[in-house]
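Take a look at the structure set out below.
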Amino acid sequence: MNAPVLITLSVVFSGMLLLLQRAQANRRLLVSLMMLPLFALCWVYASTSAAIRSAWLAFFFAILFNVLFWLIIGRYNPVAKSEDIRVLRMDD
């Protein structure tokens, strides 16, 4: 198992899943379609460098991290809609 590949792919997969998790409900499909090439690129890299086991483990760690993030933070702070976001110090 290649540790630098595992760490790098864990960070990339975690970031992608976190962005998907914190996207608005009506924009999740668009966000996932935009992330699809990066996800495919990571899997192609892992398969060509014989690090597919590290990629699967990194994906598992990313899911675990995102579930923990959702349990600790995301459940109590849901994603706001664009209309509900208020900017402070705006006199409009």
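Note that the numbering runs from 1 along the sequence shown for the chain.
In this structure, Tyr45 and Ser49 have side chains that are in contact, with non-hydrogen atoms separated by less than 4.5 Å. Annotation: side chain of Leu9 is not in contact with side chain of Phe59 (no heavy-atom distance under 4.5 Å). The shortest distance between side-chain heavy atoms of Phe60 and Phe13 does not fall below 4.5 Å. Two residues are said to be in side-chain contact when any heavy atoms from C-beta on lie closer than 4.5 Å; Tyr76 and Trp70 fail this criterion. Looking at Ser10 and Ile7, their side chains never come closer than 4.5 Å, going by heavy atoms from C-beta outward.
Note on Phe39 and Leu64: separate hydrophobic clusters, where clusters join Ile, Leu, Val, Met, Phe, Trp and Tyr whose side-chain heavy atoms are under 4.5 Å apart, directly or indirectly. Note on Leu57: it does not cluster hydrophobically with Phe65, by side-chain heavy-atom contacts below 4.5 Å among ILVMFWY residues. A continuous path of ILVMFWY side-chain contacts below 4.5 Å connects Val67 to Trp56, so both sit in one hydrophobic cluster. Connection of Val44 to Val12 is not established within any shared hydrophobic cluster, with ILVMFWY side chains joined at heavy-atom distances below 4.5 Å, either directly or through further cluster members. Taken together through direct or relayed side-chain contacts under 4.5 Å among Ile, Leu, Val, Met, Phe, Trp and Tyr, Phe61 and Val11 form parts of separate hydrophobic clusters.
With rounding to the nearest 0.5 Å, the separation of CG in Leu68 from CD1 in Ile73 is 10.5 Å. Summarising the geometry, atom CZ belonging to Arg28 is positioned 7.0 Å from atom CG belonging to Leu20; distances are rounded to the nearest 0.5 Å. Between atom CG of residue Leu18 and atom CG of residue Asn66 there is a gap of 5.5 Å, rounded to the nearest 0.5 Å.
Shortest non-hydrogen contact noted between Pro4 and Thr8 is O-OG1, 2.8 Å. The shortest non-hydrogen separation linking Ala58 to Leu6 is N-CD1, 3.5 Å. The shortest non-hydrogen separation linking Leu38 to Met16 is CD2-SD, 3.5 Å.
Leu30 forms part of a hydrophobic cluster together with Met34, judged by ILVMFWY side-chain heavy-atom separations under 4.5 Å.
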